[in-house]
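A short write-up of the structure that comes next.
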Amino acid sequence: MTQLIDFILHIDEHLVTIVNQFGNWTYLILFVMVFIETGVVIFPFLPGDSLLFAACALAANPAYHLNVWLLYGLFFAAAVIGDTANYEIGRHLGLAASNTSWFSKLINRDKLASAEHFFNRHGGKTIAIARFMPLVRTFAPFVAGGSNMHYGKFIHYNLIGGFLWVSLCCVLGFFFGNVPFVKAHFSAVVLGIIAISLIPVLITALRSRRRPQPEED
């Protein structure tokens, strides 16, 4: 866990190491990382927003020889395919599987419950909105599949959410990632990105607490 936290906080430095060691294989590595973060329900803790931001910041620096348009296309594909895979996992396993002892050990039950609540409140729009919410974005497609959401509706919001998420993170990273202040305080910027993306989750949690509970008979 300590290594994961270090990777997230200093993701810019680790990406430089990956680029220097693996060259063009970096594209595949980044694709797989985004796919796993969005597509495998048991890995919601992997970096998402900060990874896109940092990768596109490197692409803006000619020294690293990364093509920002290729990164953009790979990130978009990984996000959409990842959510689709997650949807299929939920559709075939069903939400009931999350109550089994072996599966419940692999996932965060509280985060899954938050995603279910968010999905029930916002419907299909959750798939697009959740893109900007760490943890929830990994569980939302699983919940959608387990709830038998129509695939046509799911892919519609999946494409919209993926496009908006990837576009925002990549544009911000490419144009602002190499600003001297940002580079000097990259760990703080990463924490800021995480904090901002968690705001919708906190708002939803506070609203659910304030909502009056139904009286028991």
Side-chain angles (χ1 to χ4, degrees), residues 4-20 24 26-39 43-83 118 122 125-141 157-204:
L4 176 63
I5 294 174
D6 178 75
F7 181 83
I8 293 173
L9 293 181
H10 303 97
I11 195 168
D12 56 329
E13 299 173 8
H14 291 289
L15 284 183
V16 169
T17 301
I18 291 173
V19 171
N20 290 334
N24 287 334
T26 300
Y27 294 109
L28 178 60
I29 294 171
L30 294 178
F31 175 90
V32 170
M33 290 177 68
V34 175
F35 172 81
I36 292 176
E37 195 263 348
T38 58
F43 291 110
F45 46 80
L46 293 178
D49 315 84
S50 56
L51 175 63
L52 272 62
F53 183 92
C56 289
L58 289 186
N61 188 332
Y64 299 109
H65 307 289
L66 291 176
N67 187 311
V68 69
W69 290 109
L70 181 54
L71 283 177
Y72 179 89
L74 288 174
F75 286 148
F76 178 69
V80 172
I81 296 172
D83 259 25
F118 201 86
H122 298 283
K125 293 182 294 184
T126 301
I127 305 303
I129 298 172
R131 282 289 184 188
F132 301 90
M133 303 166 65
L135 303 177
V136 174
R137 72 164 155 260
T138 303
F139 291 112
Y157 286 111
N158 185 11
L159 290 169
I160 292 176
F163 171 76
L164 294 175
W165 180 59
V166 173
S167 297
L168 179 63
C169 293
C170 288
V171 168
L172 290 177
F174 187 81
F175 288 104
F176 298 102
N178 289 297
V179 173
F181 178 83
V182 174
K183 292 182 68 175
H185 304 86
F186 201 86
S187 296
V189 171
V190 169
L191 289 175
I193 292 173
I194 295 173
I196 292 173
S197 58
L198 286 174
I199 289 176
V201 180
L202 296 176
I203 292 176
T204 301

- Taking every non-hydrogen atom, the tightest pair across T38 and A78: OG1-O, 3.6 Å

- Task: Would you name the heavy atoms of G177 and V182 that are closest together and state the gap between them?
- Result: O-CG1, 3.9 Å

- Query: Just wondering, more than 12 heavy atoms not from F76 lying within 6.0 Å of its CZ?
  - Reply: yes

Which atom pairs, one a donor and one an acceptor, fall under 3.5 Å between side chains of residues 160-175 and the rest of the protein, sequence neighbours left out?
| from | atom 1 | to | atom 2 | distance (Å) |
| --- | --- | --- | --- | --- |
| W165 | NE1 | D49 | OD2 | 2.9 |
| W165 | NE1 | R131 | O | 3.3 |
| S167 | OG | Y72 | OH | 2.7 |
| S167 | OG | F163 | O | 2.6 |

- So which heavy atom on A79 is nearest to which on N158, and how close? O-OD1, 4.1 Å

- CG on L71 to CZ on F31, rounded to 0.5 Å: 12.5 Å

- Message: Please enumerate all residues that pass side chain to side chain contact (heavy atoms under 4.5 Å, CB included) together with N24, with sequence neighbours excluded.
- Response: Y27

- Taking all non-hydrogen atoms of both residues into account, name the closest pair between F75 and C56 and its distance. CE1-SG, 4.4 Å

- If you look at every heavy atom in A140 and I127, which pair is closest and at what distance? O-CD1, 3.9 Å

- What closest approach, in Å, do L15 and L30 show between heavy atoms, and which atom pair accounts for it? CD2-CD2, 3.6 Å

